[in-house]
Asks: 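Just passing along the structure, written as structure tokens.
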Amino acid sequence: MKWEVVIGLEVHTQLSTVSKIFSGASTAFGAAPNTQACNIDLAYPGVLPVLNEAAVDKAIRLGLALGSKINQKNVFARKNYFYPDLPKGYQISQMDLPVVEGGQIAIQLGDEEKVIRLTRAHLEEDAGKSLHEDFHGLSGIDLNRAGTPLLEIVSEPDMRSVEEAVAYARALYTLVTWLGICDGNMQEGSFRMDVNVSVRPQGQEAFGTRREIKNLNSFRFLEQAAKYEIQWQIDQLEDGGKIQQATVLFDPDTGETRMMRSKEDAHDYRYFPDPDLLPVRIGDEWIARVKGEMPELPEQMKARFAEQYGLSAYDAALLTASLAQARYFEAAAGDCGQGKLVANWINGEIAARLNRDGGDIAACPIGPQRLAGLVMRIADATLSSKLAKQVFDAMWDCDLSADAIIERDGLKQVSDVGAIEKMVEDAIAANPKAVEEFRAGKEKALNALAGQVMKASKGKANPAQVLEILKNKLTA
Amino acid sequence: MSLTQQDVARIAKLARIAVTEQEIDAIGQQLNDIFGLIEKMQAVNTDNVEPMAHPQDVALRLRADAVTEQDRRDAFMALAPQTEAGLFLVPKVIE
Amino acid sequence: MINASLKALAGQLAAGTVSSEELARAYLDRIETLNPLLNAFISLDRDKTLAEARAADARRAAGSAGPLTGVPLAHKDLFCQQGWKTSCGSRMLDNFVSPYDAHVVEQCKAAGMVTLGRTNMDEFAMGSSNENSWYGPVKNPWDVNAIPGGSSGGSAVAVAARLTPVATATDTGGSIRQPASHCGITGLKPTYGVVSRYGMVAFASSLDQGGVVAQTAEDCALMLNVMAGFDKRDSTSVERAAEDYARDLARPLAGLKVGLPREYFAEGLSPEVARVVEAAVAELKKQGATVVDVSLPNTALSIPSYYVIAPAEASSNLSRYDGVRYGHRAAEYADLVDMYEKTRAEGFGAEVKRRIMVGTYVLSHGYYDAYYIKAQKIRRLIANDFVEAFKSCDVILGPVAPTAAFDLGSMNNDPVEMYLSDIYTLSVNLAGLPGMSVPAGFAANGRPIGLQLIGNYFGEARLLNVAHQFQLATDWHTQQPAL
């Protein structure tokens, strides 16, 4: 039987605020245990939550970027369950009226684009951490993370393959980091994915029973876990078995998913509106303010780059893969006024090297200003492309500007007509065979002569000038 | 409506309160009495009435994103039943 | 001196006829003598109290005293106070020494008031008789066989027995007004949001409100001036300009329109309470007030609505008591879940457990709409009744409780009977209105009876005015138990 895969994602993005969603404790990562858990995070008797405005701002940003509805009245609710890393015995979350509803995001699959619909995005607080190292057979609880703001972004079950799921996750990742609402640090848990997976016979309309893989913190794990889970479900069904709704965990060591709890064990969360918090009212002015603070979105910027700098759609897309990259490009292009050349360098030499070193644009040792300086010397014919490459190599390993390196190494292109004429005459005199061939109609012979001239100039002669003068001399 | 022993056991479990076999009948009886009182509200027609979650019909006030709390771990840890290395200790958490 | 009002004591301190330390010693001595009988206090700390008193005297000597600097007070044991055990009357918090101050405590400290101790209460403020305390029942000073009322029973008894001139208290369904009524003192529950709940251990967040019990309405006004005020740490604290709650005390009552809700004088009200309330109405009429018949048709529904909403919120608010970070933890357990279940079974008393279970049930899957949402809809109907009633009157007047204080132990095994006695106080909390209890007479057995005054939203100054004018013409509030 042919099986069709159905996948939906719930992504917990940690919002990049400096303080927690309901308290003034720091959210900085990596502090000693429980040093960033205040009386509110620890749920002392009598403490009360006060909502962090920046968390709502960031949720609105996402909503605007996805074309979602921003609920002008949204409500925080309590999700009640007992767990040692949940100090209050409930998590403050949103249920009936989340801050963001609907919206969509486009994903690229080869040449095709597909639109994935969003169900909702709601604000909530993170829990703490249980550490299972050996404390005499006990668990240790660190509540530094408790109260960190999360935006849970829920998609519709619109994905039909693991590739689509990964593409969606990546697109969402790009967007939340682009918008500056999430630092994107996956190792630190800033972007955690729950994946709902089901399969159904090709052509069947009703969804199959789903299982949810919890808490994946890399795209590779997402891919591995979803692939394993799909095959597991298909095997079950083909063996005549049934899928039970369940929550499962992925074990990266074995590459397998294993059952965490079945539907029967599902919690009864007893959601109700949090009486310590009133409804959040988001007026038009608030939305307008956030709109004004939004960075240009990737799609808009891509189109503008193509138009403004005369770039191909492909180049523009590469440059807008991240906001940092796009900003780098604009800074460099703005400084030298040579968008096309800058794009070539970023998408060519720089991308190749960063790729080799496994870094992104933030790790590029040549800043946009220095790159602009180099490009300017190419544009004004000070450097040939060969020399430019040489200067670039030097720049990669030091802090000097292109001009300083040109000066230091004497790499200035020779464009002095008299000097070039002299070298051309020497080359003609020294290579009568090539001259003869050219005059017999063999155009290629010209290149050999030009090569001799370039060699004689140690690569510094302006190649275009060399060719022109050569031609003039030979056809005179 | 009448709560059974199973209902009482389920509620107690949800609320994480240990209830002994001996207590369960008495608790069930008291809860049933209380629900007898509560059921009286079912006789009232509340169609088209907006639920009232709060005495105030105003918008939530928000705070600016700023760190205002200092580390007070030592003072807090001193109140905890069991701690080690800056952590609260509990019986093994099984996921 | 012990019988002086807060106002009078403040005057003596200002005049220098007594020092704060002398005052504190006098009250502490009296507490030492009488507390073994009355059980009004959970915690006392002579050294701490005297240190605070000396600091207040020093502040006065330095010329920076405020109106209430050096005046002693007692705090209900659910206002977190740094360095003091804050037990909430519960075994769960028997070992909990608060690491921070409630807003109310901060305000009293800033005013220079001196803490005499921490008063007994029904566990987590759940109860109407003060029999639900881990520290044992509080006794009514008028008759030690009677309940003092609850949940602020310790605070009310401390004021009635002159163990303190004034005490903080809280009211979720009548917990200030009912014990004030049963103890013959004056109590004020402000509009929801006037007093910050920060540091006030939560019972039911949308109903809880801090307030005060004192000998007189005037004293309540002075205390509210200290306790009230916007606090950004409580998202439900009302952002309003500060006001002087004593500003209208002297206003004559001529032209005052007093609404009498007919439902408050119907079946269930004891004849002697009815008689006391009617006499009070006659007094107000004598002063020029007119009486208006009003209706609060959903009064009876306040009981089911309240006993769904309050336990629902409480079941969630009390989930934090899990034996992990502070408070009681069971000595022996098999695993994590067992630790939770034993800790909570041991740490909470019977009434608290009952309400947690009711609340858990009404919020659970499949019952939420039928109970919780239904109760909230009825809450709206009840609040609307008041809006309607206040169109034709300035204050509403009625009884606080159907009877004078009942006997200790008489309702121990009948929670429902006890709940029914809250009929006249619950609606005020559901609507979020201010309410007072003012001493107005005595039952045949000598137990006090209070009069309830209900104001419109933020109408505290008017309420206090009516109560004060009533007290200028009557002496019920000056009578005290023989001890």
Side-chain angles (χ1 to χ4, degrees), chain A residues 17-20 22-28 31-42 44 50-57 73 75-76 80-85 89 128 130-132 135-143 249 260 267-268 270 272-273 275 277-283, chain B residues 1 3-4 6-19 31 34-35 38 41 46 49-95:
Chain A
T17 57
V18 299
S19 67
K20 294 187 178 175
F22 296 116
S23 84
S26 170
T27 55
N34 290 310
T35 56
Q36 288 176 175
C38 70
N39 58 347
I40 294 168
D41 307 321
L42 293 175
Y44 268 89
V50 183
L51 181 59
N52 184 340
E53 182 174 29
V56 185
D57 281 353
K73 175 186 173 183
V75 172
F76 282 96
N80 294 281
Y81 64 97
F82 286 89
Y83 209 73
D85 66 13
S130 305
L131 305 171
H132 307 295
F135 295 104
H136 337 288
L138 304 175
S139 289
I141 307 298
D142 175 9
L143 297 169
L249 285 175
M260 191 168 135
H267 296 291
D268 185 340
R270 291 158 282 138
F272 75 109
L277 295 162
L278 302 162
V280 183
R281 307 268 180 186
I282 302 175
Chain B
M1 188 200 93
L3 292 172
T4 63
Q6 285 80 0
D7 292 329
V8 176
R10 184 179 62 85
I11 299 165
K13 191 87 199 165
L14 262 180
R16 295 288 186 272
I17 294 172
V19 174
L31 293 183
I34 294 168
F35 276 99
I38 290 172
M41 66 181 182
T46 51
V49 177
E50 178 76 8
M52 177 170 163
H54 221 273
Q56 297 166 4
D57 188 20
V58 292
L60 186 65
R61 195 172 46 242
L62 299 101
R63 45 172 269 273
D65 182 24
V67 176
T68 54
E69 298 292 332
Q70 311 303 317
D71 171 22
R72 292 189 63 200
R73 185 174 81 179
D74 293 345
F76 293 149
M77 285 276 150
L79 293 161
Q82 202 178 357
T83 64
E84 190 174 314
L87 298 162
F88 300 100
L89 294 192
V90 296
K92 197 99 187 151
V93 176
I94 300 151
E95 293 210 39

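Every chain is numbered from 1, with letters handed out A, B, ... down the list of sequences. Keep in mind it's a predicted model, so treat the numbers as computed, not measured.
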Asks: May I ask you to name which of B/Glu69, B/Arg61, B/Arg63 has the most heavy-atom pairs under 4.5 Å with chain A?
Replies: B/Arg63
Asks: CZ/A/Phe22 to CG/A/Leu51 distance, rounded to the nearest 0.5 angstrom?
Replies: 5.5 Å
Asks: May I ask you to name which of B/Pro91, B/Ala66, B/Ala64, B/Ala53 has the most heavy-atom pairs under 4.5 Å with chain A?
Replies: B/Ala66
Asks: Pick one of side chain, backbone, both or neither for A/Leu277, based on which atoms fall under 4.5 Å of a heavy atom in chain B.
Replies: both
Asks: Counting only heavy atoms closer than 4.5 Å, note whether A/Pro84 contacts chain B via side chain, backbone, both or neither.
Replies: side chain
Asks: Given that the side chain runs from C-beta out, which part of A/Asn39 has a heavy atom under 4.5 Å from chain B: side chain, backbone, both or neither?
Replies: both
Asks: Starting at CZ of B/Phe35, measure out to CG of B/Leu3 and round the result to the nearest 0.5 Å.
Replies: 6.0 Å
Asks: Who among A/Asp41, A/Val18, A/Thr17 has the most heavy-atom pairs with chain B under 4.5 Å?
Replies: A/Val18
Asks: Name the region of A/Ser23, side chain, backbone, both or neither, that has any atom closer than 4.5 Å to a heavy atom of chain B.
Replies: backbone
Asks: Show every side-chain hydrogen bond (donor to acceptor under 3.5 Å, both in side chains) that has at least one partner inside residues 71-89 of chain B, sequence neighbours left out.
Replies: A/His136-B/Glu84, B/Gln82-C/Arg329
Asks: Going from CD on B/Gln56 to CG on A/Leu278, what distance comes out if it is rounded to the nearest 0.5 angstrom?
Replies: 5.5 Å
Asks: Closest heavy-atom contact between A/Ser130 and A/Ile141?
Replies: OG-CD1, 3.7 Å
Asks: What residue in A/Arg270, A/Gln36, A/Lys73 has the most heavy-atom pairs under 4.5 Å with chain B?
Replies: A/Arg270
Asks: Checking heavy atoms, do the side chain of A/Val56, its backbone, both or neither come under 4.5 Å from chain B?
Replies: side chain
Asks: Kindly compute the distance separating OG1 (A/Thr27) from CG (B/Asp65), expressed to the nearest 0.5 Å.
Replies: 7.5 Å
Asks: Which region of A/Ala37, side chain (C-beta onward) or backbone (N, CA, C, O), has a non-hydrogen atom less than 4.5 Å from a non-hydrogen atom of chain B, or is it both or neither?
Replies: backbone
Asks: Taking side chain as everything from C-beta outward and backbone as N, CA, C, O, which of these in A/Leu143 sits under 4.5 Å from a heavy atom of chain B? Side chain, backbone, both or neither.
Replies: side chain
Asks: Are the side chains of B/Val93 and A/His132 in contact, using a 4.5 Å heavy-atom criterion?
Replies: yes
Asks: Identify all side-chain donor-acceptor contacts of residues 7-19 of chain B below 3.5 Å with residues at least two apart in sequence or on another chain.
Replies:
unit_1	atom_1	unit_2	atom_2	d
B/Asp7	OD2	B/Thr4	N	3.0
B/Asp7	OD2	B/Thr4	OG1	3.2
B/Lys13	NZ	C/Glu341	OE2	2.9
B/Arg16	NH1	B/Lys13	O	2.7

Asks: At a heavy-atom separation under 4.5 Å, does A/Tyr44 approach chain B through its side chain, its backbone, both, or neither?
Replies: side chain
